[in-house]
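These figures come from a predicted structure and were not determined experimentally.
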Amino acid sequence: MQRLLAEALGTALLLATIVGSGIMAKNLSGGNDAIALLGNTIPTGAMLVVLITIFGPISGAHFNPVVTGVFWWRGDINRRESAAFIAVQIIGAILGVWAAHAMFDQDILQISLKTRSGTGQRFSEFIATFGLILVILGGLRHKPAAVPTLVGLYITAAYWFTASTSFANPAVTLARSLSNTFAGIAPENAPMFIVAQCIGAAVGLVAGNYLFTPRPR
C-alpha cells in the first residue's frame, strides 16, 4: 500500500503541476504561446526531479504505465504489482487534473477540445517515449543517483524539441484529455498518442538493453 500510495500521489502531483502551470502560464503570458510553453515546461521538469527523488526509494517513482511496463518486462516488478501500479497511476493522474481545476476555480469536470493530430505529433510521441526509456535505463546503468535530474532535464528539453510537447505517458495523456486548458488534448487524439508511446517504450527497451547491458570486450 505504501508503494501504491507513492505512485498515486506522485502521479497526481505531476498532473497538478502540468495542468496548473499550464493554466497559470496561459493567464500570464498575454497571448504569447512561447512564453506560455516556457511557463509550463520549467515547473514540470522541476517537479519531476522532486517527485522522483522523494518517491523513488519507495516505489521506483514510475508515474507512467509504460515505465512500469518496461520494469515488468525486465523482471523488476511482478505482473500483479505492475497492474496495480498502472491503475493507481491513472487514478492519480485524473485526481491531479481535477485538483488543478479546483485551484484555478474552473469546472472540475471538463473534456478537452485542443486538437493534437497529425503524423508529426504521433511520431513525436514515439521519439519522446523512446528517449525517456533510454534516459532511465542509461541513468540506472551508469549513475542511478542522477536519474531524477536526468529525467527532469530530458522532459524539459523534450517539451521543446518535439512537436507534441512530449506527453510520453499514457496516464498523462488520458488525464489531459479531461482538461480543456493549455495542456489538454482532445480525447479523439489520445488513442494514437498512447499507441505511439507504447511502441516508443518497446523500442527504447530493446535499444536500452542492448546498449546498457555490460558485455565482454
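Within the model, atoms CD1 of Ile90 and OG1 of Thr173 stand 10.5 Å from one another, a figure rounded to the nearest 0.5 Å. Interatomic distance, Leu153 CG to Thr149 OG1, rounded to the nearest 0.5 Å: 6.5 Å. Rounding to the nearest 0.5 Å gives a distance of 8.0 Å between CG of Leu51 and CG of Leu9. With rounding to the nearest 0.5 angstrom, the CG atom of Leu28 is 11.5 Å from the CD1 atom of Ile23. A distance of 8.5 Å separates CD1 in Ile155 from CD1 in Ile18, rounded to the nearest 0.5 Å. From Leu211, atom CG reaches atom CG of Leu134 across 6.5 Å, with rounding to the nearest 0.5 Å.
Side chains of Leu132 and Val151 form a contact here, defined as non-hydrogen atoms less than 4.5 Å apart. Proximity of Leu37 to Thr165: side-chain heavy atoms (C-beta onward) are separated by under 4.5 Å at one or more points. Counting heavy atoms from C-beta on, the side chains of Leu174 and Ile194 come closer than 4.5 Å. Side chains of Asn169 and Val66 form no contact here, defined as non-hydrogen atoms less than 4.5 Å apart. Using a 4.5 Å heavy-atom cutoff, the side chains of Ile127 and Phe161 are in contact. Between Lys26 and Thr181 there is no side-chain heavy-atom pair separated by less than 4.5 Å. Between Thr44 and Ser21 the shortest side-chain heavy-atom distance falls below 4.5 Å. With a 4.5 Å cut-off on side-chain heavy atoms, Glu7 and Ile86 do not count as touching.
Contact detail for Ala168 and Asn64: the closest heavy-atom pair is O-ND2, 2.8 Å. The two residues Pro148 and Ala145 make their nearest non-hydrogen contact at CD-O, 3.5 Å. Shown here for Val147 and Gly139, the closest heavy-atom pair between the two residues is CG2-C, 3.7 Å. The shortest heavy-atom contact between Trp160 and Thr41 is NE1-OG1, 3.1 Å. The two residues Ile52 and Pro57 have their closest heavy-atom pair at O-CD, 4.3 Å. Contact detail for Met47 and Leu13: the closest heavy-atom pair is CG-O, 4.4 Å.
The hydrophobic cluster containing Leu5 does not contain Ile91, counting ILVMFWY residues as joined when their side-chain heavy atoms lie under 4.5 angstrom apart, directly or transitively. At a threshold of 4.5 Å between side-chain heavy atoms, the hydrophobic network of Ile, Leu, Val, Met, Phe, Trp and Tyr places Phe123 and Met192 in two separate groups. Hydrophobic clustering (side-chain heavy atoms under 4.5 Å, transitive across Ile, Leu, Val, Met, Phe, Trp, Tyr) groups Ile133 together with Val203. With hydrophobic clusters built from ILVMFWY side chains whose heavy atoms lie under 4.5 angstrom apart, Leu137 shares a cluster with Ile199. With hydrophobic clusters built from ILVMFWY side chains whose heavy atoms lie under 4.5 angstrom apart, Val49 does not share a cluster with Ile136.
The closest donor-acceptor contact from the side chain of Asn40 to the backbone of Ala183 lies at 3.5 Å or more, if one exists at all. Under a 3.5 Å cut-off, the side chain of Asn180 and the backbone N or O of Gln110 do not form any donor-acceptor pair. Between the Arg122 side chain and the Ala196 main chain, no donor and acceptor come within less than 3.5 Å of each other. Side-chain atoms of Ser166 do not come within 3.5 Å of backbone N or O of Thr162 as any donor-acceptor pair. No donor-acceptor pair closer than 3.5 Å links the side chain of Tyr159 to the backbone N or O of Tyr154. In terms of modelled atom types and a separation under 3.5 Å, the side chain of Ser112 and the main chain of Ile185 share a donor-acceptor contact.
In this structure, a donor-acceptor pair under 3.5 Å is present between the side chains of Ser164 and Glu125. Residues Thr115 and Ser117 have side chains that never bring a donor and an acceptor to within less than 3.5 angstrom of each other.
Among pairs with a residue in residues 191-217, those fulfilling ring-ring contact (aromatic ring centres under 6.0 Å, His included) read His142-Phe212, Phe167-Phe193, at least two apart in sequence or across chains. Evaluation of the salt bridge (charged side-chain N to carboxylate O under 4.0 Å, His left out) test over residues 70-88, restricted to residues two or more places apart or in two chains, returns Arg3-Glu81, Arg74-Asp76. Within the structure, every pair that satisfies the ring-ring contact (aromatic ring centres under 6.0 Å, His included) test and touches residues 19-66, not counting sequence neighbours, is listed here: His62-Phe71, His62-Phe85.
When each of Gln106, His101, Lys114 is paired with Ser179, the side-chain hydrogen bond (donor to acceptor under 3.5 Å, both in side chains) condition holds for His101 and for no other.
Heavy atoms of other residues, nucleotides or ligands lying less than 6.0 angstrom from CH2 of Trp73 number 12 at most.
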